[in-house]
Amino acid sequence: MAAMALTWQKVAPGVWRGRAGQDGQPQLLAAAGVAPRSEGLAQLGEAECPLERERILAEAQAERCLLSVPLEPDEVLYGLGLNFKALEVQQSVRHLQVDHFGGQDNGRTHAPVPFYVSSRGYGVFVNAARYLSVYAGGVHRREAHPPVLDRATDTGWKAVQPGQVVEIAVPGTGVELLLFAGPSLLQAVRRFNLFCGGGCLPPRWGLGFWHRVPLAFTAEQTEHLAAEFAARDYPLDVIGLEPGWHTTCYPSTFAWHHGRFPDPAAFIARLLDRGIRVNLWEHPYVAPDCALARELADGCGTHTGSWGGWVPDLSLPAVRETILRQHEQEHRRHGVAGYKLDECDGFDPWLWPDHAQFPSGLSGEELRQIYGVLFQRLTTELYQRHNQRTYGLVRASNAGAVSFPYVLYSDCYSHRDFITALCSSSFCGVLWTPEARAARTAEEWVRRIQTTCLSPLAMVNAWADGTMPWSFPEVADAVRDAMVLRQRLLPYLYSAFAQYQADGTPPFRAMVLEEGWTTTATATGALDSERNPYALPELMAARDQYMMGPCLLVAPLFEGETERRVLLPPGAWYDFRSGALVGCGPGQVTVRADLATIPILVRDGGIVPLQAARRQSPAAGERVDLEIRHYGQADGSTVLYDDDGLSLDCERGESCRLRLTATRSPAGTLTGQVDAVSGRAPFTYAALTWRFMSPPA
Ligand code: GAL
């Protein structure tokens, strides 16, 4: 074992890069091929990192580099990828590997992003496309003389004694890590997101409601379904086609099945006339006897996936070009709006083995860590080339994909785990949808729909059993209400995504990223009811509620519940529907709600722009009036974002930002004001009417 010298360089405000050993190891950020968002990073400004760089050590071992990053006893760590069971990761061991989530937070997950943030206000990222093992604080070096306690007599004995170091084992002969300063947790996350290219901005239709049809559905059945949504007056912006739109699948030909879809272009055009976009399911595996396989033959790996399909090496530009050409010819030019990129995660028996070899020289392991990222990059580029935005689904991701317009999903289906995943996604630059697929009871169905409607992608995925939003008549109206609320919130959500893009703030966030949230109690176990309002460790976690956009706190109810505890960050919080005061934080309140209602609380001074109830997102050129709601007693201010909703012209300044400000006069009356911040006049918004929701105190 030999010490390695880490060479540090400042690479952006508040961001330092450390390198040791040989260059040329496969890297996550290189695979994504995105540049840091310099403007956002500059605005975030300089900050010192509380972690001393000299105390970070690297050692060379036979086949790996070992990094040691100091850890204080009271530090709480979050991140290390998309987790489903817990948010805090200190004292856990994670073997970070792209995989389908198998029921345990052990590092094998859909997005095993090697990035963590600390309650002390910094972030650490290892830029390696390899399987990494992170011992997050439970490891002890002999030379550090860890305390030795007697279980029978020492009251301080613990099953896992907190360690003083995070050790990260990185296969290979060189390593690159990046340090992100805070000073807050949120600022460390924002710096990471901006360094990876900034958040994605979906097209406006992407934030509407999605429905995925069953396997082997035909054009006729799909159009019938679209008509039924209209007849029943349920919102619908996107229809997703599942396997069966292709001639064969799995593996896939990526070509239309002309029996089921005699004229794909005309089919898509008819749906577009109804204001509905088409999204296509696909996966990496190319059927060996199809036209695309003949073109790709030299660009595929030594092994197939479990369905006999060839695996294109997406790291090769020539392979990417071939697929881009085919997708352009067969899909995009006919109007296909995007993709669901399936099966690029695991489980092991479905994928190519780790020892598979690919023409680029990458191993199966290396390509597995980045396949989802490369797939997202490829399909994003398909649309970029035509000045179009896309939005879709993906089952594997990793660092570097922050700016790609994709949302993760899974075959697992615990409603509670889905909400924890929504929280944990905010620590690692990915988006997650708690999609609704099926339910045992009407109550479960409406509760699931309510949460998917308050997530990055609101969707029913009926691929297996054909469940429709109205399948449970007892809650059919309540389900429609949740979907309509989603549509009403669109201007608010769209602005939250624009902020994600510009300054890295995740549009859906864990509570610990809120200012003033106390994070120090669980690490020490020394609870202090005077200093720490959330006296129980499980209260601290707050993994069943989350923030949506700047000021909304969503507290989902689960099947069997009519009330729940909500943890409040500092300040007064108001009911979204009535404007009444719910409670003041820091602390907790109990909220009750009927079956038709998901509790949503609004921060004091919160401003929420809403459009009128409608079935679809506004079409290009359409104008809608907005109701601008203000909640609580405090003055408030927010930015309302608008652009053409479809193209990338917004990245060249073709956008509009309006500042909405509510101010209370000395006499106590609230007034609302709208000021242009930047860009041209609104594209979509016509009259803006203020509504002050809370009666004066
Ligand atoms: C699964 C995917 C499901 C559905 C299904 C179709 O892998 O997670 O959402 O698309 O494939 O075969």
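Keep in mind that the numbers below use all heavy atoms, side chains included, and drop hydrogens, waters and symmetry copies. As the structure lists them, so they are numbered: ligands from 1, and atoms in each ligand from 1.
The 12-atom threshold is not exceeded at CG of Asp298, counting heavy atoms of other residues, nucleotides or ligands nearer than 6.0 Å. Within 6.0 Å of the CD atom in Gln104, the count of heavy atoms belonging to other residues, nucleotides or ligands does not exceed 12.
For Trp350 and Tyr250, the gap between ring centers reaches or exceeds 6.0 Å. Aromatic ring centroids of Phe418 and Trp432 lie under 6.0 Å apart.
At least one heavy atom of Arg395 sits closer than 4.0 Å to an atom of ligand 1. Residue Lys340 places a heavy atom less than 4.0 Å from ligand 1.
Looking only at protein heavy atoms, the nearest one to atom 11 (O) of ligand 1 is Asp342 OD2, 3.0 Å.
Close N/O approach between Asp411 and ligand 1 is found [any backbone or side-chain N/O within under 3.5 Å]. The distance criterion of under 3.5 Å between nitrogen or oxygen atoms is met by Tyr250 with respect to ligand 1. In terms of polar-atom proximity, defined here as any N/O pair under 3.5 Å, Glu242 does make such a contact with ligand 1.
Each of His283, His100, Arg395 was evaluated against Glu343; a single residue qualifies, Arg395, per the side chain to side chain donor-acceptor pair (under 3.5 Å) test.
Atoms of ligand 1 lying under 4.0 Å from at least one heavy atom of Glu343, given by number and element, are 1 (C), 7 (O), 11 (O). For ligand 1, the atoms lying closer than 4.0 Å to a non-hydrogen atom of Asn461 are 9 (O). Each of the following atoms of ligand 1 lies closer than 4.0 Å to a heavy atom of Trp463: 3 (C), 4 (C), 5 (C), 6 (C), 9 (O), 12 (O).
Residues Glu561 and Arg447 are not in side-chain contact: their nearest non-hydrogen atoms beyond the backbone lie 4.5 Å or more apart. Between Cys453 and Ile598 the shortest side-chain heavy-atom distance does not fall below 4.5 Å.
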